[in-house]
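To keep things clear, I will list the structure first and then write my remarks on it.
Since we're looking at a predicted model, the values are computed, not measured. Chain letters run A, B, ... following the sequence lines, proteins first, then strands; residues in each count from 1.
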Number of protein chains: 2
Amino acid sequence: MRVDARRNRDRLVAAATAVIAEQGPAASLNEIAQQAGVGAGTLYRHFPTRESLLLEVFTTRIETLCARAHELAESRSPSDALTAWLEAFLQHCRTDRGLAETIMKAPSGSDLNCAVKLRTAGAGLVARAQEAGVVRAGVEVEDILQLTIGIALAADSPARAERLLSIAIVGLRG
Amino acid sequence: MRVDARRNRDRLVAAATAVIAEQGPAASLNEIAQQAGVGAGTLYRHFPTRESLLLEVFTTRIETLCARAHELAESRSPSDALTAWLEAFLQHCRTDRGLAETIMKAPSGSDLNCAVKLRTAGAGLVARAQEAGVVRAGVEVEDILQLTIGIALAADSPARAERLLSIAIVGLRG
DNA sequence: CAACATGCGGAGAGCCTCTCCACATGATAC
DNA sequence: GTATCATGTGGAGAGGCTCTCCGCATGTTG
C-alpha cells in the first residue's frame, strides 16, 4: 500500500471518529471526508460502505472486548466469565449505540474481521460455559451476542438492561 | 376538516402502510406521497414529521395486537397465551422494524398511548402466567416487551428471532 | 352564486450518497 | 537522477432525498 494511501486512510478514521462521536453513526460521509482533508472519492475507495468505516472506528473498542474475554477465561469460573463478559459487552453497546448497530448489521459471513474477532472471543467463553453445563447445547455464540445487542438497543435504562441480561442468561441454561 | 383533506389523509396512511411494509420505516416520503396520489406538500401538511406518520400507521397494528391479547387470554392456557402473544408481537415488530423502534422511542410519560395500550393488554397475560408459575414474580410487563422488541431489532433472521424468544421465555420462568 | 377560507400540487433549494475519470504522485528499474 | 508505470486522488456531477413555499383549485357558507 502506498504511503499516501495509508496516510489518507488514517486521516479518514480519525475524522470519522471525531465526527461520529459528535453526530452519531448517521453523520454525513461528505463531512467526514472534508474534515479529513480528502475528496469524497477517496473515502469511498477506502471504505466502500458506511458500515466498513464504522467498523474501523469501533475496532479499538472491539479489541478491548476481545482482550477482556481472554482475561476472564483465565481468571474466573466458566459461568462468571461469561456473565461478566456479557455485562461488559452490554455496557459498551449501550455507551455507544452505533457500536451495537454496526456489529448487528455486519453480515456474519463477512471478512470484516473485527466483528469476527468478537465472535471468536465470545466463542471461547461460550464453549467453556457449555462444558460446565451453564449454557445448554445448541445455543450459538451468535445467539448470545444478538440477544445482548438487542437488550442494549431496547432497554430504557441501565438497570433495566442489567435485569434483562440476567433473564436472558437464565434462559441460556435452558 | 374539509372532506377532501380527510380523504387525502386516509390515502396517505394507506399508502404509507403499504410502502413501509415493503421498504421499512426509512422509506421515501416522496414515494409515499406519490403512491397516495398527492403532492409532497400535502403529506407534510398532514404529518409534519416522519414520526407522526409512522405513529398513525402503527396505531392500527397496535390495536390489532391488543385485541389478540384478549382473544388469547380467553382461549388458551396461561403459558400458551403468553407465548403465542409474544410470538405475534415479535412477528409484527419484525415485519415493520419501524413499529419496534417507534414503540421503543415513545416517551413513557407521553400521551401517545399506543405503548400504554399495548402494555395494558400484555399485563393481563403476564399476570395470568405469573399465577400459573410460568413467569417468576418480580418480572414486569415492560421487561418482557422490551426484551421482545430487542430481539426483533437484533435478530438476523426469522428463525433466529424465534429461537431467541424461546430462550427469553425460558429465562422468564427463572 | 359569490366570496372566502382552506387545502392542494409540484417546482425548487439544499442536503445527501456514490461514481467516474483526467490528473497527480509514489514506486521501481535503469 | 530520471523515465515509466501502477496506484491513488479530488471534486464535479447524477440522481435521490427532505422539506418549503406560494399561486391556484376547491369545499363551504351566507
Presence of [X] side-chain N/O under 4.0 Å of [N] phosphate oxygens OP1/OP2:
X        : N       : result
Arg50(B) : dT18(D) : yes
His46(A) : dG8(D)  : no
Ser28(A) : dT17(C) : yes
Asn8(B)  : dG7(C)  : no

To the nearest angstrom, how far is [X] atom [atom1] from [N] atom [atom2]?
X        : N       : atom1 : atom2 : result
Glu31(B) : dG15(D) : CD    : C1'   : 15 Å
Gln34(A) : dT9(D)  : CD    : P     : 17 Å
Leu29(B) : dT20(D) : CG    : P     : 12 Å
Phe47(B) : dG7(C)  : CZ    : P     : 14 Å
Glu51(B) : dT18(D) : CD    : C1'   : 15 Å
Leu53(B) : dT18(D) : CG    : C1'   : 14 Å
Arg9(A)  : dG10(D) : CZ    : C1'   : 19 Å
Arg7(B)  : dC8(C)  : CZ    : C1'   : 11 Å

*Arg6(B) or Pro48(A): which one's nearest nucleotide on DNA chain C is closer to the 5' end?*
Arg6(B)
Side chain [X], main chain [Y], donor-acceptor under 3.5 Å:
X         : Y        : answer
Thr42(A)  : Val38(A) : no
Arg128(A) : Ala73(A) : yes
Gln35(A)  : Val19(A) : no

*In this structure, which one of Val57(A), Ile62(A), Leu54(A), Asp96(A) forms a side-chain contact (heavy atoms from CB on, under 4.5 Å) with Thr102(A)?*
Leu54(A)
List every contact pair, protein side and nucleotides 10-12 of chain C side both N or O, where the distance is under 3.5 Å.
from: dG10(C); atom 1: O6; to: Gly41(B); atom 2: N; distance (Å): 3.2

_Closest listed nucleotide, where the reference is the side chain of Ala5(A) and the choices are dT9(D), dG27(D), dC18(C)_ = dT9(D)
*Between dT7(D), dG27(D), dT19(C), which nucleotide gets closest to the side-chain atoms of Arg2(B)?*
dG27(D)
*With the 4.5 Å side-chain cut-off for hydrophobic clustering, are Val139(B) and Val134(B) part of the same group?*
no
Salt-bridged, [X] to [Y], with N to O below 4.0 Å?
X         : Y         : value
Arg9(A)   : Glu56(A)  : yes
Glu140(A) : Arg160(B) : yes
Glu87(A)  : Arg68(A)  : no

*asked:* Other residues, nucleotides and ligands only: do more than 12 of their heavy atoms fall within 6.0 Å of CD on Gln34(A)?
replied: no
So which protein nitrogen or oxygen atoms get under 3.5 Å of nucleotides 28-30 of chain C's nitrogens or oxygens?
none

*Using side chain to side chain contact (heavy atoms under 4.5 Å, CB included) as the criterion, list what pairs up with Ala168(B), not counting sequence neighbours.*
Leu147(B), Ile151(B)
